[in-house]
Amino acid sequence: MNPITWALVISGVLLNATAQLLLKLATSATGAIEPSWAGLASAGPRLLSHYGAWGGIACYVVSVVIWILALSRAPVSVVYPLLSIGYIVNAFAAAALFQESLAPGKLLGIAVIVLGVFILSQSQTPT
């Protein structure tokens, strides 16, 4: 992949990860949401009044546009697995922002993802 394609992929991944973090922040206004119509109806107004929900949705919309641009430039079999970089970003961001744990098993999983992304990036065919 050329530098422009890499920039598109990384931008899309970072926007997607940011969307997840903003949506998690928005759920701080609701607490746990019951998986029912009543639970959604109860939490909906609080969610929709939180900037995190709108920021997350906006990040998703922009990330889809960027992702389409990336897919137009590289094979989906190469680009799609690179979304796993978002897991790495979110694990560390969630630890910093939400005090979520980075247990040894989680760190080992992140290391496997890093290795997989490296192998994938080295083994793809030119486009």
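Considering CG of L97 and CG of N90, their distance stands at 9.5 Å, rounded to 0.5 Å. One finds the CG atom of L102 at 5.5 Å from the CZ atom of F92 (value rounded to the nearest 0.5 Å). Residue I10 holds its CD1 atom at 4.0 Å from CD1 of I85, rounded to the nearest 0.5 Å. Going from atom CD1 of I66 over to atom CG of L15 covers 5.0 Å, rounded to the nearest 0.5 Å. Distance CG/L47 to OG1/T30: 5.0 Å, rounded to 0.5 Å. N16 CG to C59 SG: the interatomic distance, rounded to the nearest 0.5 Å, is 9.0 Å.
When every heavy atom of A96 is checked against every heavy atom of Q99, the shortest pair comes out as O-NE2, 3.4 Å. The shortest non-hydrogen separation linking G52 to A26 is C-CB, 3.9 Å. Counting all heavy atoms, side chain and backbone alike, F98 lies closest to L25 at CZ-N, 4.0 Å. What you find for R46 and A29 is that their closest heavy atoms are CD-O, 3.6 Å. For the pair A70 and T5, the tightest heavy-atom approach, listed with the atom from each and the gap, is O-CG2, 4.4 Å.
Hydrophobic clustering (side-chain heavy atoms under 4.5 Å, transitive across Ile, Leu, Val, Met, Phe, Trp, Tyr) groups V114 together with V89. In the hydrophobic clustering of ILVMFWY residues, with side-chain heavy atoms under 4.5 Å counting as a link, W6 and L69 come out apart. Following chains of ILVMFWY side-chain contacts shorter than 4.5 Å, one can reach Y80 starting from Y87, so the two form part of one hydrophobic cluster. The hydrophobic cluster containing L21 does not contain I110, counting ILVMFWY residues as joined when their side-chain heavy atoms lie under 4.5 angstrom apart, directly or transitively. Clustering ILVMFWY residues whenever any of their side-chain heavy atoms sit less than 4.5 angstrom apart, transitively, puts V62 in a cluster other than the one holding L22.
Contact of the R73 side chain with the V79 side chain is not registered, since no non-hydrogen atoms from C-beta on lie closer than 4.5 Å. Contact of the M1 side chain with the L82 side chain is registered, since non-hydrogen atoms from C-beta on lie closer than 4.5 Å. Here the side chains of T27 and K24 are in contact, with some heavy-atom distance below 4.5 Å. Contact of the P81 side chain with the V117 side chain is not registered, since no non-hydrogen atoms from C-beta on lie closer than 4.5 Å. The side-chain heavy atoms of L48 and W54, taken from C-beta on, include a pair separated by under 4.5 Å.
At distances below 3.5 Å, not a single donor-acceptor pair connects side-chain atoms of W67 with backbone N or O atoms of V9. With K106 contributing its side chain and S101 its backbone, the two residues share a donor-acceptor pair below 3.5 Å. No donor-acceptor pair under 3.5 Å is formed between the side chain of S42 and the backbone N or O of G39.
Within 6.0 Å of OH on Y60 lie more than 12 heavy atoms contributed by other residues, nucleotides or ligands.
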